[in-house]
Structures are given as structure tokens and as C-alpha cells.
Amino acid sequence: MLDLRFIRKNPEFVQDALNRRGMDLSIQEFLQLDEERRSVIQDVEELRRQRNQASEEVARLKKNGEDASEQIDQLSRVSDRIKELEAKKKDREERLREIRLAIPNIPQEDVPTGDSDEDNIEVRRWGELPSFGFEPKPHWELGPELGGLDFERAAKITGSRFAVYWSWAARLERALINFMLELQTQQNGYTEILPPFIVNSESMQGTGQLPKFEEDLFKLEDWDYYLIPTAEVPLINLHMNEVIPEDDLPLAYTAFTPCFRSEAGSYGKDTKGLIRQHQFNKVELVRFTRPEDSKEQLEILLGHAEAVLRELELPYRVVTLCTGDLGFSASKTYDVEIWLPGQNAFREISSCSNCGDFQARRAGIRYKPRDAKGSELLHTLNGSGMAVGRTLLAILENNQQEDGSVLIPKALRPYMGGMERIEPTTGAGRA
RNA sequence: GGAGAGGUGGCCGAGUUGGACGAAGGCGCGCGAUUGGAAAUCGCGUGUGCCGGCAGAACCGGCACCGAGGGUUCGAAUCCCUCCCUCUCCGCCA
């Protein structure tokens, strides 16, 4: 959510930012409603001032046992008028709020203008792309062949876009989760959180999923509850309507959670394998910072995300999202893209965003500057560190051997009971 | 799920026969006085949002806010309704 006064004073700037994002939303209506709202407020408050004054008069008359029926009669009419104007004011405010909740964040100046992911800018690459003396397989072949990933039975017990993990795969997923959490908590200073996986609509609005993206969410029937699409939602809303002392900043939280997404509108995309699931695991990173620190903090956050892939020795690249590819709440986003030999392409595995004060304003998250009175909105950042399923699939594809086995990254072996390699026999025992 | 109690300012806590300003009092916090310094004591101050004055800040004026929303009334923290949350007891349950 943007600052009301900011929009009012910089309408061209806001309109331009919306256009850069490729939105055809016009803020004309917004400005009109804002004007009307302020005009009504002035009228209503003037009437209220009169009423307050006259009410005191009535009170005094009654106290002295005098007759006040004339004044009461008059006041009755004033009150009716106030009610009318209140209704108008409420209407304008609601419409204004609706619009404001639907306006995305303003991209930072250094975000490249563009229409789609093709206009994203590559920042850097890390690691060497593996070369194979054979045709590398995609994970949706490797996984089932090694007896670890089972998409058919998942489709039976639930439906499409779900997976059953057997034996080594289940253990590998769990190992990755532990590895990531240990890295972020022990080396990068994050506090581990285990939040609810179900949140209410207020939280969803706080981080920006609602009201615009309801169709992407799973909602519990007859409840104002939703399955979280990312741990960012519960983590950011931990501090909803709170004021945090400056000395406590930056706050850094990490959490492992499953994530649930309806993937509405992505029919036919990534139908094979683990890439796009309705339920997937993710270790999330979130930071609350002072406004003046958030740009630097985004680089730090990105570094923490990258550390995961470096430790696992998986090749990746970092791209800056262009305005057209930027998420609703973000002012700037880096995507980390992992190399997938099975698809001969880089695919997103982490997204690290600076949301500025956009979420803080929606969720009412402020900080108290050390040497100032009052409080100010702080800045929020979030990033994946990492999407676990995609990391697992990247290991399968990058570390596959000609004999059909897969090498387990060294950093992960302690979490796998010392296991060094996944072989077809590793998963033996299941049908 | 059943029965009961309660939600007031940073905190504690008055107010519950509707009418005296954000609302007694205490604590905390800030400034000042006192002191060689400190404690104690005394004095003053101490919320947020919105609208207007202003380019903006400070400041000034106004309006709103006593869990949320609605209602009754000339007027509600105080009365009525709905919802949310907390606590206690019972039941059920991993």
C-alpha cells in the first residue's frame, strides 16, 4: 500500500510507475474520490463541532432545570445531516481503500523497465555448468527410476501437481531442510520460527496476497482461513500492528514451512516433475530493517540465499527482475536461478525482494527511532533460502552419473547419515 | 461443544443511575527544581490517526478514537445487538 499523501502529491509519478509495471490502472478515479472524501470530512467535522458546542448548552440548561426542547429539536436536524454526510464519507473511504489495496508497490529507480522475464538483467553467474558424456535426464525420469519420486500414486491419493517421496527422497528432502535451517541460523544469524501454516485474511492482506490474488490461494471452506503460499505471510505478520525499538533492528527470521498454491492460470505449464506443485517445502528468510538500510539489506539477504547453493555446489545465476516481472508487493527483486541440465535451462529457485514500507503500511509494522519521538514505518524484505523441492530436483539433475546414480553434495552427507550416493537399489523395497 | 468472567491511555487501575475537555489516581518515562553528586522529595509534561492553516518540519485549530462493527439518543467508555479475543470450570481430543 502506498502513502495516501504521496499519491496525492505525486500523481504523475505514481501513474508512471504503474505504467512501467504494465498496469493499465488509472489513478484519476482515486484522486477524484480523495478530493470528495476530504471535502466531506470538512463539512462533517464542522457540523460535529457545532453539535458538540450545542450539546454542552443542552447539558447546562438541563442541569439548571431549564427547558432545552428547542435546542434539542435543532440538534436533531443537525444530527440527521451528520448521518447523511457520514454515509457519504464512508462510501468514499471504502472505495478509496479498495483502490489503494490494489495498487502495487513502486519499483526502485534501478529496476530495469521491461515487459516480461525476457527483460530481466543477469547480475552474475556462479559455478560451472556440468558437462556429461551422455544425455542428462530430467528429474521426473531420474526420480521415479531411482524409486524416490512417485507422481502416479500422488495423483491417485490427491490429484495432479502433487508428489509422494519414498525412502531416500523423503530423507533427502528432510536433510535439505535441516541443512538450510542450520546454515541460516548458525552462520547467518537468523532466528528460527515455526509458524502456523494457516493464516487469516488480515495477514494475507498485510503481505499483499489479498485482495487481488485470492484465486492463487487455497481457502478453508467456511473459515476466514487460508493455507499459506509462503512462510513470508506468517513471518511478516508476526509483527503486525507492533512498534519495534530501533536497537532491535534488523530482525532476521527463518522458517521451514510447506507452501500451498492453487497455480490457477498455469495449466499446462511445468506439468511434469517437482517444479510446479500445489504443495512444496520452502525455507524462508525474512528481515525487518530501518528504511535507510533496506537496499543494503537486500544484498545481504541475497547473499544468504546464494550461500545455500554455493555450499551445495550447484551452479546458478542471479537476475534483477524488470518492472513487468516484479511481484505486487516488491520494489526490487533478485531471482536466483538454478541450472537444470535436464531442461538445459536456468529455473527460478529463490526470489529475494525488498518490499520497502509497502507491507509495513498494510500490516502496521513500525519502529521507534532511538532519538526521535513517535514511530515510523520500517522496511520488510523476504527471500527463499531455498525452495526445497527445486533444490532436490537440481541435485538429481546436476549430480546424475552415467550409471544412473546420483552423487549427494558433500555438505549434505552429514544430514544423510554419511550417504554419498543414491543408487537404483537405494530405493529398493517399494513397488 | 456447554457454563461463567472480562476486554479503558506504555503499564496498573477508576469510571457501569448516559451529558464537565483523552477520560480520576498510581507506576513508568521526559524536562526542571532541590543536592557537592545521587537517592528521596517537589513542579511541569507525557497517545495515535485524519482534516485544515503550511511547499515541508515545528507549531496552531478542528474532528475522531475506552476490543471491532452496527443501533438507541439532542448527546454513550457508560444502554441494546452482532462479532473477535483473553481467562476460569466442564466435556472432547493429538
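Sequence lines set the chain letters: A, B, ... in the order given, protein chains first and strands last, and positions in each chain run from 1.
Of the nucleotides present, B:rU46 is the one that pairs with B:rG28 by Watson-Crick or G-U wobble criteria, both distances under 3.5 Å. Under the Watson-Crick or G-U wobble criterion, with both distances below 3.5 Å, B:rA40 has no partner in any strand shown. The pairing partner recorded for B:rA14 is none, the criterion being a Watson-Crick or G-U wobble arrangement whose two distances lie under 3.5 angstrom. Remark: B:rU86 base-pairs with B:rA5. Criterion, Watson-Crick or G-U wobble with two distances under 3.5 Å. For B:rA77, there is no paired nucleotide, since no Watson-Crick or G-U wobble pair has both relevant distances below 3.5 Å. Across all strands shown, B:rU35 forms no Watson-Crick or G-U wobble pair with both distances under 3.5 Å. Searching all strands for a Watson-Crick or G-U wobble partner of B:rA20 with both distances below 3.5 Å returns nothing. Pairing for B:rA57 is absent, judged as Watson-Crick or G-U wobble with the two contacts each under 3.5 Å.
Nucleotides B:rC50 and B:rG45 place their P atoms 26 Å apart, quoted to the nearest Å. Comparing the P positions of B:rC65 and B:rG2 gives a spacing of 34 Å, expressed to the nearest Å. B:rA39 and B:rU34: their P atoms are spaced 15 Å apart (whole Å). B:rG7 and B:rC79: their P atoms are spaced 11 Å apart (whole Å). Rounded to whole Å, the P atom of B:rG4 lies 14 Å from the corresponding atom of B:rC81. The gap from the C1' atom of B:rG13 to that of B:rG22 amounts to 16 Å, rounded to the nearest Å. Straight-line distance between the P atoms of B:rA23 and B:rC63: roughly 14 Å, to the nearest whole Å. Nucleotides B:rC11 and B:rC29, compared at atom C1', are 11 Å apart to the nearest Å.
Contact detail for A:Ser351 and A:Asp335: the closest heavy-atom pair is OG-OD1, 2.7 Å.
When the nearest nucleotides of RNA chain B are assigned to A:Glu45 and A:Ile72 by heavy-atom distance, the more 5′-ward of the two goes with A:Glu45. Between A:Ser76 and A:Glu93, it is A:Glu93 whose nearest contact on RNA chain B lies nearer the 5' terminus.
Nucleic acid contact class of A:Arg77 (heavy atoms, under 4.0 Å, all strands): none. When heavy atoms are screened at a 4.0 angstrom cut-off, A:Asp73 is found touching no nucleic acid atom at all. Residue A:Arg8 is in sugar-phosphate contact alone, with no base atom involved, counting any heavy-atom pair closer than 4.0 Å across all strands shown. Residue A:Lys90 is in sugar-phosphate contact alone, with no base atom involved, counting any heavy-atom pair closer than 4.0 Å across all strands shown. Counting any heavy atom pair closer than 4.0 Å across all strands shown, A:Lys83 reaches sugar-phosphate atoms only and no base atom.
With sequence neighbours excluded, the residues that form a side-chain contact (heavy atoms from CB on, under 4.5 Å) with A:Lys272 are A:Trp140.
Where RNA chain B meets chain A (any atom under 4.0 Å from a heavy atom), the bounding nucleotides read 5' to 3' are B:rG19 to B:rG75.
Look at A:Glu246 and A:Arg290 and you find a salt bridge, because one of the NZ, NE, NH1 or NH2 atoms lies within 4.0 Å of a carboxylate O, short of that distance. Of the charged side-chain nitrogens involved, at least one lies within less than 4.0 Å of a carboxylate oxygen, so that A:Asp34 and A:Arg8 count as a salt-bridged pair.
Ring pair A:Phe151/A:His139 is perpendicular by interplanar angle, where above 60° counts as perpendicular and below 30° as parallel.
A:Ile27 contributes atom CD1, which lies 10.0 Å from atom CD1 of A:Ile99 (distance to the nearest 0.5 angstrom). Taken from OG in A:Ser79 to CZ in A:Arg51, the straight-line distance is 4.5 Å, to the nearest 0.5 Å.
In summary, the side chains of A:Gln50 and A:Glu46 do present a donor paired with an acceptor at a separation below 3.5 Å, with no hydrogens or angles considered.
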